[in-house]
*Asks:* 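Have a look at the structure that comes next, please.
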2 protein chains.
Amino acid sequence: MLDQDEQSLHSRFTDFEKFCRKKGLKMTHQRLEIYRELLTSSDHPTVEALFLRVRKRIPTISLDTVYRTLALLEEAGMTNRIQTSEGLTRFESDYGVHHHLTCKKCQKIEDFIWESFDTMLLPPELEAWGTIQTRNIVAEGICKDCLKKEKK
Amino acid sequence: MLDQDEQSLHSRFTDFEKFCRKKGLKMTHQRLEIYRELLTSSDHPTVEALFLRVRKRIPTISLDTVYRTLALLEEAGMTNRIQTSEGLTRFESDYGVHHHLTCKKCQKIEDFIWESFDTMLLPPELEAWGTIQTRNIVAEGICKDCLKKEKK
DNA sequence: GCCTTTAATAAGAATAATTCTTAAATAGTA
DNA sequence: TACTATTTAAGAATTATTCTTATTAAAGGC
């Protein structure tokens, strides 16, 4: 499992190089580190959080570069933007179809997969609307940790 | 159908009065007009848009009052906040379970209902997470109008 | 209906998130 | 190694949202 993860991480870096070449974009130190940080972050970080993490390795990096790079990665479909109900923008690296579960108390976001939903046919009325490309579930509630705290 | 809508609109206003009384809130002209505007808007307006519409009837209303009132209504569960991928906050009056369909081009949001999804049991693994209260689908694609424009 | 109390409002200042501007630095290429 | 076009850092500008304060108005008692 770990091997496989590392394998896939490595191949994703290679993809990033290829991607830059193909698009005529320069492969900068900053872009690589931002992308790496996002790949290894599983907590759906905000731009600010990502900036602080990357700054440990590149102390002179600017917040603006993080914004620009994330926009770039998003456009290329390599990351997803998540608009939370707190009003903050969070990011995650794109790794296939999944859904989100958010705690209303602590705002923590967890991923989950649900294949029987993914393969379900949408209501036929929606065909008249246009072409539907993605469909994601946003579920909200109170997580176990916050439920415990409430009881105290 | 129209009769029923008007009926339900009227009862919702009455609810609003009751709601204010119960919470010890004052029933102001501004609050009523903002609530009315949201009830009769089906296009998921932004705060700014709502402000401009209400201003036609109350020219001196301030943007801040719209923000404050929407926060109030949201807290009471009478409206829902929708965080769009454009990064804008939109609002809709709460009228029962439904889902959203957004056009990636023109950003228009349409509602749809899908009862067979609503009654579907969530994956059992999620029970370990905590208590799940809501689950909504956000579908994205290109609407018919934008598809037509693309062909030109 | 008028008075009092307290909450709500308007106006504009303050804050926070994001984007833009510009000069300097750097990647890719000859 | 030198050249050219991108990209970057820094900070200014913009935009959305919230806060502050003096004024206004709703609700309830008289």
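Labels below follow one simple rule: chain letters A, B, ... track the order of the sequence lines, proteins then strands, and each chain is numbered from 1. Atoms considered below: every heavy atom in the structure, side chains included; atoms not considered: hydrogens, waters and symmetry mates.
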*Asks:* Can you tell me how far CD of B:Glu125 sits from CH2 of A:Trp114, rounded to the nearest 0.5 angstrom?
*Replies:* 10.0 Å
*Asks:* How many whole angstroms separate atom NZ of A:Lys23 from atom P of D:dT6?
*Replies:* 15 Å
*Asks:* Rounded to whole angstroms, how far apart are CG on A:Leu88 and C1' on C:dA17?
*Replies:*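 Nearest whole value for this atom pair: 9 Å.
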*Asks:* Check the distance between D:dA26's C1' and B:Glu17's CD and give it to me in whole angstrom.
*Replies:* 13 Å
*Asks:* Any chance you could lay out the side-chain contact (heavy atoms from CB on, under 4.5 Å) test for A:Leu126 and B:Leu101, step after step, and finish with the verdict?
*Replies:* CA-CA 9 Å; A:Leu126 298 188; B:Leu101 196 46; 3.9 Å; yes
*Asks:* Take the protein atom CD of A:Glu75 and the nucleotide atom P of C:dT19, then report the distance between them rounded to whole Å.
*Replies:* 12 Å
*Asks:* Apply side-chain hydrogen bond (donor to acceptor under 3.5 Å, both in side chains) to A:Glu92 and list each qualifying residue two or more places apart in sequence or on a separate chain.
*Replies:*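 For A:Glu92 the side-chain hydrogen bond (donor to acceptor under 3.5 Å, both in side chains) partners, ignoring immediate neighbours, are A:His44, A:His98, A:His100.
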*Asks:* Is the shortest distance from a Lys or Arg side-chain nitrogen in A:Asp43 or A:Arg53 to a carboxylate oxygen in the other one below 4.0 Å?
*Replies:*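 Looking at A:Arg53 together with A:Asp43, the answer is yes, because their closest N to O distance falls below 4.0 Å.
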*Asks:* Does A:Tyr67 place a side-chain N or O at less than 4.0 Å from the phosphate oxygens OP1/OP2 of C:dT19?
*Replies:*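 It does not, given that no N or O in the side chain of A:Tyr67 lies less than 4.0 Å from OP1 or OP2 of C:dT19.
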*Asks:* As a quick check of understanding, evaluate side-chain contact (heavy atoms from CB on, under 4.5 Å) for B:Phe51 and B:Thr46, giving each step before the final call.
*Replies:* CA-CA 9 Å; B:Phe51 167 65; B:Thr46 60; over 6 Å; no
*Asks:* Quick test of your reading of the model: are B:Asp145 and B:Lys149 salt-bridged, counting only N-O distances below 4.0 Å?
*Replies:* no
*Asks:* When the distance from CG of A:Leu50 to P of C:dA17 is rounded to whole Å, what number comes out?
*Replies:*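 Rounding to the nearest Å, CG of A:Leu50 and P of C:dA17 are 15 Å apart.
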*Asks:* Strictly under 3.5 Å: I want the nitrogen or oxygen pairs between protein and nucleotides 8-10 of chain D, one per line.
*Replies:*
residue, atom, partner, partner atom, Å
D:dT8, OP1, A:Thr28, OG1, 2.7
D:dT8, OP2, A:Arg68, NH1, 2.7
D:dT8, O3', A:Gln30, NE2, 2.9
D:dA9, OP1, A:Gln30, NE2, 3.3
D:dA9, OP1, A:Thr60, O, 3.4
D:dA9, OP2, A:Ser62, N, 3.2
D:dA9, OP2, A:Ser62, OG, 3.3
D:dA9, OP2, A:Thr65, OG1, 2.4

*Asks:* Using whole Å, what does the distance between atom C1' of nucleotide C:dA7 and atom CZ of B:Arg21 come to?
*Replies:* 16 Å
*Asks:* Find which nucleotide of DNA chain D each of B:Met27 and A:Gly24 is nearest to by heavy atoms, and output the residue with the more 5' nucleotide.
*Replies:* A:Gly24
*Asks:* Within the side chain of A:Thr40, is there an N or O that forms a donor-acceptor pair under 3.5 Å with the backbone of A:Arg36?
*Replies:* yes
*Asks:* Do any N or O atoms of the protein come closer than 3.5 Å to N or O atoms of nucleotides 3-5 of chain C, and which pairs are they?
*Replies:*
none

*Asks:* From CG of A:Leu70 over to C1' of C:dA17, roughly how many Å is that when rounded to an integer?
*Replies:* 14 Å
*Asks:* Around atom CD of A:Glu75, are there more than 12 heavy atoms from other residues, nucleotides or ligands closer than 6.0 Å?
*Replies:*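 Not buried by this count: 12 neighbours or fewer within 6.0 Å.
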*Asks:* What is the separation between atom CZ on B:Phe51 and atom P on C:dG12, rounded to the nearest whole Å?
*Replies:*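 Rounding to the nearest Å, CZ of B:Phe51 and P of C:dG12 are 12 Å apart.
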*Asks:* Might you confirm whether atom CG of B:Leu52 has over 12 heavy atoms from other residues, nucleotides or ligands at distances under 6.0 Å?
*Replies:*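 Counting neighbours around CG of B:Leu52, more than 12 heavy atoms of other residues, nucleotides or ligands fall under 6.0 Å, so yes.
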